[in-house]
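Take a look at the structure below.
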Amino acid sequence: MTKKAFITGITGQDGSYLTELLLEQGYEVHGSVRRTSTLERSRLAHLYADPRIYNERLFLHYADLDDPTTLRRVLGRVQPQELYHLAGQSHVGLSFEIPETTCEFTAMGTLRLLEIVRDLPEPPRFFHATSSEIFGRPAHSPQTEETPIAPVNPYGCAKGFATQMVRVYRESHGLFMVNGILYNHESPRRGENFVTRKICRAAAAIKLGRQKELSLGDTSAQRDWGHARDYVRGMWLALTHETAGDYVFATGKLHRVQDVIEAAFAAVDLDWQAFVRFDPHFLRPAEPLHLVGDPSKAEAQLGWSATTSFDALIREMTDFEVRSLSNKASEGSA
Ligand SMILES: C[C@H]1O[C@H](OP(=O)(O)OP(=O)(O)OC[C@H]2O[C@@H](n3cnc4c(=O)[nH]c(N)nc43)[C@H](O)[C@@H]2O)[C@@H](O)[C@@H](O)C1=O
């Protein structure tokens, strides 16, 4: 029998890579999408275009985390064996501006979904995409699945609540529930207001004469950056493992925002110093410290590892931007 998976946040970076992986593995894939005035589904466009896939093995449903009635109905109808919960307000800086929206979707939205799963006649296995941001100012580095939750921003608080709730539902209701504690993971499909994509895109645009300079906040900030494709493989490995638990998915290596700048500008043969400006608008009221993960448990139990180096990641992202901006220019002149 064909396995069915359901993905919240299917139109995002991780949702699109996960959809590809699950289709390759023979799944029927369902996802929830929000109604918006403009269709933001570009990351799935290549799958839409294939008549053997769209509405044959890939199905989209209008439903959202603030509408549990619809979610309940859709999940009851689809009856997936696996549910990957990736949706939520995921921008940390923005979470200081819209803390209520962030908690409504990221914290309460997750709880609503857990309640629906608990009531389903055959509850699916549940994967929650949580975040290194739950650790904020961590007691130790690198962090593990046992590191105490200590967030420093509204997004981290919302994720911390949802992470702990997933543990409660696993332990108290005996449901198969996994927290994937995901460190920063990037790709050419990353949203444009996250720092890696912003920098790689700017380096390419400056090279092509489309942009004059790049304004950034704290370039000394450090993160553990990996490739999104590796992290969605971890999600699937965790949910198909014989037992449920929490897993850190990380590279174990820290880099500075400054390292991203230098790698991206080097990839287009430009001297970054001529173009990068500081703008206090992009500073955050608080920065987490030393968020670097120890993926030993995922490596030992799931056979998972991060396969893409930092330099290869930034090179792939910058090359992609050069190609796509050049294609747009030639389309415009055709
Ligand atoms: C694991 C975690 O990963 C992501 O959250 P994030 O780490 O906040 O990602 P980011 O790319 O927005 O910032 C990285 C760093 O870069 C600094 N930075 C400097 N200048 C700019 C700047 O101009 N823009 C941005 N966005 N950041 C800047 C900024 O202050 C921060 O220190 C999300 O996926 C989140 O959902 C998640 O779970």
Side-chain angles (χ1 to χ4, degrees), residues 9 12-15 17 85-98 101-103 105-107 110 128-138 142-143 147 149 151-163 179-187 189-203 211 213-228 230-232 234-235 248-251 254-261 264 272 275-293 295 306 310 313-314 317:
Q13 166 187 260
D14 294 1
Y17 283 120
H85 175 39
L86 315 182
Q89 192 303 93
S90 66
H91 198 279
V92 174
L94 197 57
S95 79
F96 284 103
E97 308 295 321
I98 51 166
T101 308
T102 304
C103 290
F105 281 85
T106 303
T110 305
H128 173 228
T130 185
S131 164
S132 50
E133 287 288 335
I134 62 173
F135 298 134
R137 300 264 158 79
Q143 296 85 49
T147 304
I149 294 176
V152 293
N153 52 57
Y155 171 78
C157 290
K159 281 287 184 198
F161 170 90
T163 304
N179 280 306
I181 305 170
L182 307 168
Y183 283 65
N184 296 55
H185 48 287
E186 320 293 310
S187 75
R189 299 183 195 173
R190 188 53 147 148
E192 286 172 20
N193 56 1
F194 292 93
V195 82
T196 53
R197 179 89 194 272
K198 180 175 170 183
I199 293 170
C200 296
R201 196 169 174 76
Q211 191 171 323
E213 58 180 35
L214 166 62
S215 299
L216 291 168
D218 182 0
T219 56
S220 69
Q222 296 182 309
R223 289 290 187 280
D224 177 334
W225 277 292
H227 198 299
D230 284 338
Y231 290 57
V232 304
M235 297 176 189
V248 162
F249 294 105
T251 69
L254 272 180
H255 289 91
R256 299 164 306 155
V257 173
Q258 181 62 33
D259 298 323
V260 180
I261 298 171
W272 65 270
F275 306 102
V276 177
R277 309 273 170 264
F278 169 68
D279 184 342
H281 170 75
F282 296 109
L283 287 179
R284 296 176 183 177
E287 276 287 344
L289 289 177
H290 304 297
L291 289 186
V292 57
F310 173 80
L313 170 68
I314 301 304
M317 291 177 70

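For ligands, and for the atoms within them, numbers begin at 1 and follow the listed sequence.
- Contacts between Thr219 and ligand 1, counted as non-hydrogen atom pairs separated by less than 4.0 Å, are absent for every part of the residue.
- Residue contact check: Lys198 has heavy atoms under 4.0 Å from atoms 22 (C), 23 (O) of ligand 1.
- Put simply, the side chain of Pro295 does not reach to within 4.5 Å of the side chain of Phe249, judged on heavy atoms.
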**Message:** If you apply the rule side-chain hydrogen bond (donor to acceptor under 3.5 Å, both in side chains), what do you find for Asp230 with His185, and how did you get there?
**Reply:** CA-CA 9 Å; Asp230 284 338; His185 48 287; over 6 Å; no
**Request:** With side-chain contact (heavy atoms from CB on, under 4.5 Å) as the test, would you mind laying out the steps for His227 and Tyr17 before giving the verdict?
**Result:** CA-CA 11 Å; His227 198 299; Tyr17 283 120; 4.0 Å; yes
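- Using a 4.5 Å cut-off on side-chain heavy atoms (C-beta onward), Glu133 and Pro288 make contact.
- Contact annotation for Arg190 and ligand 1: only side-chain heavy atoms (C-beta onward) come within less than 4.0 Å of the ligand.
- Below 3.5 Å of separation, one finds no N or O of Thr196 facing any N or O of ligand 1.
- Between Asn184 and Phe194, every side-chain heavy-atom pair lies at or beyond the 4.5 Å cut-off.
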**Request:** Determine, step by step, whether Arg197 and Glu186 satisfy the side-chain contact (heavy atoms from CB on, under 4.5 Å) criterion, reporting the C-alpha distance in whole Å, the side-chain angles of both residues, the deciding distance to 0.1 Å, and the verdict.
**Result:** CA-CA 8 Å; Arg197 179 89 194 272; Glu186 320 293 310; 5.9 Å; no
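- No side-chain heavy atom of Leu214 sits less than 4.5 Å from a side-chain heavy atom of Phe275.
- Distances between N or O atoms of Phe194 and those of ligand 1 include no value under 3.5 Å.
- Interface of Ala221 with ligand 1, defined as ligand atoms under 4.0 Å from a residue heavy atom, comprises 32 (O).
- Put simply, part of Ser132 is less than 4.0 Å from ligand 1, judged by heavy atoms.
- Only side-chain heavy atoms of Val92 come within less than 4.0 Å of ligand 1; its backbone N, CA, C and O stay farther off.
- At a heavy-atom cutoff of 4.0 Å, ligand 1 is contacted by the backbone of Asp218 but not by its side chain.
- Those atoms of ligand 1 with a heavy atom of Ser131 less than 4.0 angstrom away are 1 (C), 2 (C), 37 (C), 38 (O).
- Heavy-atom proximity to Leu182, at under 4.0 Å, picks out these atoms of ligand 1: 1 (C).
- Near His91, with a cut-off below 4.0 Å to any heavy atom, the atoms of ligand 1 are 26 (N).
- By the criterion of a heavy-atom distance under 4.0 Å, neither the backbone nor the side chain of His185 is placed next to ligand 1.
- At a heavy-atom cutoff of 4.0 Å, ligand 1 is contacted by no atom of Leu283, backbone or side chain.
- Taking a cut-off of under 4.0 Å to the non-hydrogen atoms of Val257, the atoms of ligand 1 that pass are 16 (O), 17 (C).
- Looking at Lys159 against ligand 1, nothing comes within 4.0 Å, counting heavy atoms.
- With sequence neighbours excluded, the residues satisfying side-chain contact (heavy atoms from CB on, under 4.5 Å) with Asp218 are Ser220, Ala221, Leu283, Glu287.
- Within the listing of ligand 1, atoms 29 (C), 30 (O), 31 (C), 32 (O) sit less than 4.0 angstrom from a heavy atom of Glu287.
- The protein heavy-atom contact nearest to atom 6 (P) of ligand 1 is Asn184 ND2, 3.7 Å.
- In terms of the salt bridge (Lys or Arg N to Asp or Glu O under 4.0 Å) criterion, residue partners of Arg256 (sequence neighbours excluded) are, by chain and number, Asp259.
- Here Ser90 has heavy atoms under 4.0 Å from ligand 1 in both its backbone and its side chain.
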